[in-house]
Amino acid sequence: MIQLIQDSPNNIAAFRATGEVTKEHFQNIIIPEVDRVIQQVKHINFLLVLDTELENFTTGAWVQDAMLGLKNIGKWNRAAIVTDSDTIISFTNGFSYLIPGEFKGFKKEQYDEALTWVSEETL
């Protein structure tokens, strides 16, 4: 399940993933919220708190994730992934070398730091 994080700054798309994540979560929650942020600030600031394992993302969710990234490839500003997985943090940190924008992984106890970092305007 994907839920909007309601108490986040208005210039970011902020989500919490729990349990199974499906393509419908992307289509009905993530994509509309990312579109809202793009319309408002003309780029994407994205925060995802992972309270589930990556294995719980369905194939359809991964396809939607890839399509979201490619569709908006030039609009990424900052993306923060909050997790306790060192592997995911390392993978996220490496994305900055492949995709325009800044990508950074944070431990769960660094949530406030991640929220501040992703909401800062750098463009």
Side-chain angles (χ1 to χ4, degrees):
M1 170 183 279
I2 293 288
Q3 299 171 309
L4 284 172
I5 298 176
Q6 298 293 336
D7 60 346
S8 61
N10 204 30
N11 70 329
I12 69 171
F15 309 96
R16 179 175 313 280
T18 59
E20 183 180 62
V21 177
T22 67
K23 75 175 185 178
E24 289 80 15
H25 293 122
F26 274 82
Q27 293 169 337
N28 299 327
I29 300 169
I30 292 177
I31 292 171
E33 181 67 2
V34 167
D35 288 346
R36 180 198 64 79
V37 171
I38 291 171
Q39 287 182 347
Q40 180 180 325
V41 296
K42 309 299 184 225
H43 56 266
I44 304 168
N45 296 315
F46 186 91
L47 174 77
L48 177 61
V49 177
L50 283 175
D51 281 336
T52 191
E53 301 296 322
L54 290 183
E55 294 82 20
N56 290 329
F57 280 66
T58 67
T59 301
W62 286 114
V63 169
Q64 291 296 308
D65 182 50
M67 288 173 50
L68 175 68
L70 292 173
K71 173 185 166 195
N72 297 296
I73 196 146
K75 295 181 179 161
W76 290 96
N77 180 44
R78 285 191 164 171
I81 306 298
V82 180
T83 179
D84 281 335
S85 168
D86 291 330
T87 302
I88 295 171
I89 289 171
S90 294
F91 182 78
T92 300
N93 292 343
F95 245 74
S96 290
Y97 299 107
L98 304 171
I99 306 286
E102 295 179 75
F103 295 78
K104 191 171 180 182
F106 294 86
K107 291 285 194 178
K108 287 185 181 176
E109 65 265 13
Q110 297 174 299
Y111 173 81
D112 290 337
E113 180 183 338
L115 188 63
T116 298
W117 179 83
V118 80
S119 66
E120 293 173 347
E121 294 298 330
T122 62
L123 296 175

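Given the structure is predicted, the values throughout are model-derived calculations rather than measurements. Residue indices begin at 1 and follow the sequence shown.
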Taking atom CD of Glu24 as the centre, does the number of heavy atoms from other residues, nucleotides or ligands within less than 6.0 Å exceed 12? yes

Report yes if some heavy atom in the side chain of Phe106 is under 4.5 Å from a heavy atom in the side chain of Ile81; otherwise report no. no

Do Arg78 side-chain atoms and Ile44 backbone N/O form a donor-acceptor pair below 3.5 Å? no

Check whether Asn77 reaches the backbone of His43 with its side chain - one donor and one acceptor, N or O, closer than 3.5 Å. no

pair Gln40-Val37: side-chain heavy atoms closer than 4.5 Å: no

Between Thr92 and Lys104, is any pair of side-chain heavy atoms under 4.5 Å apart? no

Determine whether Lys75 and Lys42 make a side-chain contact, defined as any pair of heavy atoms from C-beta on separated by less than 4.5 Å. no

Measure from the side-chain N and O atoms of Asn56 to the backbone N and O of Thr52, and report whether any donor-acceptor pair falls under 3.5 Å. no

Is there side-chain contact between Ile29 and Leu4, with heavy atoms separated by less than 4.5 Å? yes

Taking Arg16 for its side chain and Leu50 for its backbone only, find out whether a donor-acceptor pair lies under 3.5 Å. no

Please confirm whether the backbone N or O of Asp84 pairs with a side-chain atom of Lys107, one donor and one acceptor, at under 3.5 Å? yes

Using atom types as modelled and distance alone, determine if a side-chain donor or acceptor of Ser8 lies under 3.5 Å from a backbone N or O of Ile5. yes

Considering all heavy atoms of both residues, which atom of Ala17 and which atom of Ile2 are nearest to each other, and what is their separation? CB-CD1, 3.7 Å

Examine distances only and state if a side-chain atom of Ser119 and a backbone atom of Thr116 form a donor-acceptor pair shorter than 3.5 Å. yes

Can the ring centres of Phe46 and Phe15 be said to be less than 6.0 Å apart? yes

